[in-house]
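Read through the structure below, which is laid out as structure tokens, and then see the notes.
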Amino acid sequence: MLPSASQIEQAGGCTAATAAKWVEPLRAACLRYEIDTPARLAAFFAQVGHESASLTRTVENLNYSAQGLLKTWPSRFTRESAALLARKPEQIANRVYGGRLGNGPEATGDGWRYRGRGLIQVTGKANYAGIRDTLRERSPETPDFELQPQLLESPQWAALSAAAYWDDHDLNALADTGEFRKITTRINGGQIGAADRNARYAKARRVFGA
């Protein structure tokens with residue numbers, strides 16, 4: 001079973017025009033990584049729908065207010081530093097992602113260069129390299145996302161990277177047994193956005209008949 005444009009529209013929570021843009025890349029990605037049962041499709045579309053703001057965003061939005069910075073990264077900002085960097089996405093990315101996830105220090109700009117991209121928000125130089133290598137196991141023509149990180153914003157690679165990540169983290173197995181909370185943890189590292197993810201999951205299960 002592969003998703004139709006109508007199912008993508010309903011499960012993804014997007015417009016018909018957006019669904020039409022994504023239907024072929026997502027069908028190809030789901031076919032390649034066997035995201036092809038009602039249970040797997042429901043879990044997958046719930047997660048990518050949340051991560052991509054209903055298939056409308058393939059690059060991370062870091063335009064945080066001071067309050068948003070303190071809520072999202074309480075250990076990385078003081079009230080003073082949050083006020084200083086509020087609404088400065090590039091500086092925020094370099095602060096929160098610099099020196100981690102394979103990135104160089106804050107001053108190198110790697111945090112901004114390798115901010116979240118794709119339908120599942122691949123983040124950090126090491127993860128860009130990792131998803132490249134994972135995709136090349138089946139698609140030797142995969143470009144080097146370390147050199148061209150912006151390519152993960154395109155529908156083809158945004159969809160394939162999400163499906164490859166899904167496969168690499170054994171999420172089909174968790175979808176088969178309905179362990180959606182564990183899927184969220186493997187993607188997010190915690191349960192941020194759980195209410196939205198769970199609501200999307202309930203809807204996607206109805207759409208795909210899971």
Single-linkage hydrophobic cluster Ile92~Leu101, side-chain heavy atoms < 4.5 angstrom = yes
In short, Phe208 meets Pro38 closest at the heavy-atom pair O-CB, 3.3 Å
How would you list all residue pairs meeting salt bridge (charged side-chain N to carboxylate O under 4.0 Å, His left out) that involve residues 174-192, not counting sequence neighbours?
-> Arg40-Asp176, Glu179-Lys182
Between Ser139 (side chain) and Arg136 (backbone), is there a donor-acceptor pair under 3.5 Å?
-> no
How long is the gap from OH on Tyr201 to CG on Asp196, to the nearest 0.5 Å?
-> 15.0 Å
Atom pairs and distances, side-chain donor-acceptor, residues 110-122, under 3.5 Å, sequence neighbours left out:
unit_1	atom_1	unit_2	atom_2	d
Asp110	OD1	Arg113	NH1	2.4
Asp110	OD2	Gly104	N	2.8
Tyr114	OH	Glu146	O	2.8
Arg115	NH1	Trp112	O	2.7
Arg117	NE	Glu153	OE2	2.8
Arg117	NH1	Arg113	O	2.7
Arg117	NH1	Tyr128	OH	3.0
Gln121	NE2	Gly118	O	3.1

Taken in chain and number order and not counting sequence neighbours, the residues that satisfy side-chain contact (heavy atoms from CB on, under 4.5 Å) with Ser4 are Ser6, Gln7
Student check: side-chain heavy atoms of Ser161 and Phe145 closer than 4.5 Å | no
Out of curiosity, Ile35 CD1 to Asp167 CG, how far, rounded to the nearest 0.5 Å?
-> 7.5 Å
Looking at Ala159 and Ala29, what are the two nearest heavy atoms and their distance?
-> O-CB, 3.6 Å
From the options Leu174, Asn172, Asn188, select the one residue that forms a side chain to side chain contact (heavy atoms under 4.5 Å, CB included) with Ile183.
-> Leu174
Hits for side-chain contact (heavy atoms from CB on, under 4.5 Å) against Gln91, two or more places apart or cross-chain, chain-then-number order -> Leu85, Lys88
Other than Leu31, what residues sit in its cluster of Ile, Leu, Val, Met, Phe, Trp and Tyr side chains whose heavy atoms are under 4.5 Å apart, directly or through others?
-> Leu2
The salt bridge (Lys or Arg N to Asp or Glu O under 4.0 Å) partners of Arg95 (sequence neighbours excluded) come to Glu106
Any pair with a residue in residues 42-67 that passes salt bridge (charged side-chain N to carboxylate O under 4.0 Å, His left out), sequence neighbours left out, goes on the list, sorted by first then second residue, please.
-> Glu51-Arg197
Does any N or O in the side chain of Ser154 come within less than 3.5 Å of the main-chain N or O of Leu151, such that one atom is a donor and the other an acceptor?
-> yes
State which residues pass ring pair (Phe, Tyr, Trp, His ring centres under 6.0 Å) with Tyr33; sequence neighbours excluded, sorted by chain then number.
-> none
State whether the side chain of Asn103 and the backbone N or O of Gly124 hold a donor-acceptor pair below 3.5 Å, judged by distance alone.
-> no
Where do Phe45 and Ala11 come nearest, in terms of heavy atoms and distance?
-> CB-CB, 4.2 Å
Anything under 30° is parallel, anything over 60° is perpendicular, the rest tilted; go ahead and classify His169 against Tyr165.
-> parallel
Who passes side-chain hydrogen bond (donor to acceptor under 3.5 Å, both in side chains) against Thr185, sequence neighbours left out?
-> Gln191
Which value, rounded to the nearest 0.5 Å, describes the distance between Arg132 atom CZ and Asn127 atom CG?
-> 11.5 Å
Would a 4.5 Å heavy-atom cut-off, applied to side chains only, mark Glu80 and Leu84 as touching?
-> no
Please list, chain by chain and in numerical order, all residues satisfying side-chain contact (heavy atoms from CB on, under 4.5 Å) with Asp168, sequence neighbours excluded.
-> Thr134
Under 3.5 Å, is there a donor-acceptor pair between the side chain of Arg76 and the main chain of Thr72?
-> no
Hphob cluster co-occupancy, Leu152 + Tyr97, side-chain heavy atoms under 4.5 angstrom = no
Check whether Leu70 and Val96 end up in the same hydrophobic cluster, where Ile, Leu, Val, Met, Phe, Trp and Tyr are linked by side-chain heavy atoms less than 4.5 Å apart.
-> yes
In Å and rounded to the nearest 0.5 Å, what is the CZ to CZ distance from Phe180 to Arg205?
-> 10.0 Å
Mind checking the CD-OG spacing from Gln47 to Ser52? Nearest 0.5 Å is all I need.
-> 11.0 Å
Non-hydrogen atoms of Ala86 and Ala66 that approach each other most closely = CB-N, 3.5 Å
Would the number of heavy atoms belonging to other residues, nucleotides or ligands and lying under 6.0 Å from CZ of Arg79 be above 12?
-> no
Can you establish whether the number of heavy atoms outside Gln67 located under 6.0 Å from its atom CD is more than 12?
-> no
Look at the side chain of Ser81 and the backbone N and O of Phe77, then say whether any donor-acceptor pair between them is shorter than 3.5 Å.
-> no
Residue pair Gln148 / Pro143: nearest heavy atoms and the distance that separates them | OE1-CB, 4.3 Å
Could you name each residue pair satisfying salt bridge (charged side-chain N to carboxylate O under 4.0 Å, His left out) that touches residues 13-22, not counting sequence neighbours?
-> none
Any link between Met1 and Leu26 through a network of hydrophobic side chains (Ile, Leu, Val, Met, Phe, Trp, Tyr) touching at under 4.5 Å?
-> yes
Mutual orientation of the aromatic rings belonging to Trp73 and Tyr64 [parallel < 30°, tilted 30-60°, perpendicular > 60°] = perpendicular
Drop me the distance from Ile131's CD1 to Thr142's OG1, to the nearest 0.5 angstrom.
-> 9.5 Å
Considering non-hydrogen atoms only, spot the tightest contact between Trp166 and Ala175 and give its length.
-> CZ2-CB, 4.4 Å
Full working for side-chain contact (heavy atoms from CB on, under 4.5 Å) between Ile187 and Leu171 | CA-CA 9 Å; Ile187 290 173; Leu171 300 183; 3.9 Å; yes
Residues at least two apart in sequence or cross-chain that pass side-chain contact (heavy atoms from CB on, under 4.5 Å) with Thr18, listed by chain then number, are Cys14, Thr15, Trp22, Leu55
Check whether any side-chain heavy atom of Glu90 lies under 4.5 Å from a side-chain heavy atom of Asn94, and answer yes or no.
-> yes
